[in-house]
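Worksheet: the structure to be examined is printed underneath.
Computation of the quantities below employed the complete heavy-atom set of this structure, encompassing side-chain atoms and omitting hydrogens, waters and symmetry-equivalent molecules. Remember, it's a predicted structure, so these values are computed and weren't measured experimentally.
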Amino acid sequence: MWHRRSSRTKLLSIQLLEPIIFIGQDQDTAPVVRGIIHVLLEKTMKLRNLNIHIHGTIKMQRKKDSKLVNSENQLVSEDLSLSAASLTATTNKFPFEMPLPAGIPETVKSADIQVQYVMTVSMDYTKLNQSNLQHEQATKDITLARLPDNDLLRLQPIERQFLNWCKYRITIDKKTAALGSRLPVKIEISPLLPGFKLKQVFLQLLERRAVTKNNMEKTNQSCYFIYPSKNSLLTIPSKPMTQFWQTSCYYQLPDDKLSHSTMEYSSFKISHSVLVSLIVSVPDKGKQVTKTISYHVNIDLLSPDVNELDEREYVKLPPYNCIMSGEELEKLNRYGLGVAYPPSYEESVIV
């Protein structure tokens with residue numbers, strides 16, 4: 001029988017070496033959770049057990065016979081027991097490494113799909129001259145974020161003729177962009193008849209969320225307007241066009257209204273596309289009529305965490321697997337090649 005400690009003093013804390021674990025496009029790669037468990041015990045306490053549990057779940061919502069059906073499935077359940085035999089000081093640090101299964105999806109928060117990973121650390125201890133086990137617990141969310149594909153080529157511009165009114169070309173310089181970043185858009189128009197006028201330009205993001213159950217796919221979608229970013233202005237001619245015209249503008253991608261895109265998994269996929277609408281006025285039988293020119297292109301939206309990737313110091317730490325042995329590293333150092341051992345946890349993590 002154990003009892004939960006009621007004191008406000010925290011005996012357990014979790015420090016992740018990589019607060020955000022970035023995973024590549026290769027689903028065969030297993031992400032690794034690394035960090036330190038900090039244990040604070042009084043002199044009258046003795047540690048009995050220290051365990052780590054990582055639990056991952058996916059929650060999905062879909063329509064069936066006009067009713068909303070919720071489901072929840074387990075993705076990950078991993079356990080690790082840490083040795084308490086080395087506990088000698090009041091404050092102790094327990095480094096750990098826990099590989100997760102390969103092919104698990106990144107963290108997702110959307111209207112129909114949620115993927116969450118949580119680490120729970122549990123500790124049992126006894127007090128001096130007492131046999132009852134005391135229990136302490138700490139939890140921490142684990143975030144998995146997908147890195148962009150190596151193919152970061154710009155989107156190919158689309159050039160078309162809209163009946164006999166105009167020729168236009170729309171260029172979006174990114175096929176992959178992080179939520180919260182800016183999306184560069186270039187518009188070029190050559191009028192083909194007098195009286196052609198551009199009235200307005202609209203950009204929208206379309207999000208499709210597909211949930212698969214028993215080989216049946218159900219898709220929901222949402223649409224969001226996006227607007228020019230701060231200090232970026234889209235200027236439209238006030239008069240009918242008489243010659244070639246072009247403009248460039250940065251549009252601000254939201255970071256909290258929609259989810260990022262995902263790879264295609266067995267049970268779900270989230271994808272996005274950009275919709276560009278040009279509202280134009282053209283002469284028709286002696287009067288001006290309004291028409292819409294539409295452009296549609298798929299885009300891979302990444303987690304907002306990827307937007308700040310260069311600013312995160314922990315991504316510069318050595319990889320989990322080192323291709324050189326310790327002897328090889330020592331030999332390189334003797335020859336002045338400046339290769340050192342990977343730092344220890346205590347050196348790598350700001351304690």
Is a side-chain N or O of S229 found less than 3.5 angstrom from the main chain of S232, in a donor-acceptor match?
no
Please check if any side-chain donor atom of D112 sits under 3.5 Å from a side-chain acceptor atom of S110, or the reverse. no
Checking the side chain of K197 only, and the main-chain atoms of S238 only, is there a donor and an acceptor separated by less than 3.5 Å? yes
Residues P237 and W245: closest non-hydrogen pair is CG-NE1, 3.4 Å
Inspect the contact between D300 and R146 and indicate whether a charged nitrogen and a carboxylate oxygen are less than 4.0 angstrom apart. yes
Quiz item: Do L253 and R182 pass the side chain to side chain contact (heavy atoms under 4.5 Å, CB included) test, and can you show the C-alpha distance, the side-chain angles, and the key distance before you say yes or no?
Solution: CA-CA 6 Å; L253 295 175; R182 301 194 306 169; over 6 Å; no
Legend entry - Single-linkage hydrophobic cluster, 4.5 Å side-chain cutoff, I279 and I187 together: no
**Asked** Going by atom types only, do S259 and R209 share a side-chain donor-acceptor pair under 3.5 Å?
**Response** no
With sequence neighbours left out, the residues meeting side chain to side chain contact (heavy atoms under 4.5 Å, CB included) with S248 are K186
Requested in this report: Go through the steps for T171 and V185 under the test side chain to side chain contact (heavy atoms under 4.5 Å, CB included), then give the verdict.
Outcome: CA-CA 6 Å; T171 306; V185 179; over 6 Å; no
- Do E78 and H53 have a side chain donor and acceptor closer than 3.5 Å? no
CD of E264 to OG1 of T212, rounded to nearest 0.5 Å, is 7.5 Å
The reported gap from NZ in K59 to CG in N73 (rounded to nearest 0.5 angstrom) is 11.5 Å
- Would you say Y295 and F225 are hydrophobically clustered, going by side-chain heavy atoms of ILVMFWY under 4.5 Å? no
For L80, the side chain to side chain contact (heavy atoms under 4.5 Å, CB included) test, sequence neighbours excluded, returns I52, L82, F96, M98
CG of L258 to CD1 of I270, rounded to nearest 0.5 Å, is 9.0 Å
Rounded to the nearest 0.5 angstrom, the OG-NE2 distance for S271 and H260 is 13.0 Å
> L16 and M119: side chain to side chain contact (heavy atoms under 4.5 Å, CB included), yes or no, with the steps?
Replying inline: CA-CA 10 Å; L16 296 179; M119 171 185 287; 4.2 Å; yes
State, without any angle test, whether S77 and H55 hold a side-chain donor-acceptor pair at a distance under 3.5 Å.
no
Taking the six-membered ring of Y125 (Phe, Tyr or Trp), confirm whether the NZ or CZ of R48 is under 6.0 Å from its centre and within 45° of its axis. no
Rounded to the nearest 0.5 Å, the OG atom of S122 sits from the CG atom of L50 at a distance of 8.5 Å
Minimal heavy-atom distance between P191 and F244, with the atoms involved, is CD-N, 4.3 Å
* Under 4.5 Å between side-chain heavy atoms, hopping through other hydrophobics if needed: is there a path connecting I170 to L275? -> no
Check: Distance-only, no hydrogens or angles: does the Q114 side chain make a donor-acceptor pair with backbone N or O of M60 under 3.5 Å?
Finding: no
Distance-only, no hydrogens or angles: does the T247 side chain make a donor-acceptor pair with backbone N or O of L234 under 3.5 Å?
no
Under a plain distance cut-off of 3.5 Å, with no hydrogens placed, do N51 and S81 share a side-chain donor-acceptor pair? yes
Does one side chain, of Q116 or T57, offer a donor that lies under 3.5 Å from an acceptor on the other? no
Open item on the list: Do L179 and Y250 land in one hydrophobic cluster if side-chain heavy atoms of ILVMFWY residues count as linked below 4.5 Å?
Closed with: no
Here the gap from D141 atom CG to I14 atom CD1, rounded to the nearest 0.5 Å, amounts to 10.0 Å
Review point. For residues Y265 and E106, is any side-chain donor paired with an opposing acceptor at under 3.5 Å?
Key: yes
Notebook entry, point to check: Side-chain heavy atoms under 4.5 angstrom apart, residues restricted to Ile, Leu, Val, Met, Phe, Trp, Tyr: same cluster for V289 and L198?
Noted result: yes
inquiry  = Would V39 and L12 count as a side chain to side chain contact (heavy atoms under 4.5 Å, CB included) here? Give the steps.
reply    = CA-CA 5 Å; V39 180; L12 278 178; 3.8 Å; yes
ask   = So, S261 side chain and L301 main chain: donor-acceptor pair closer than 3.5 Å or not?
value = yes
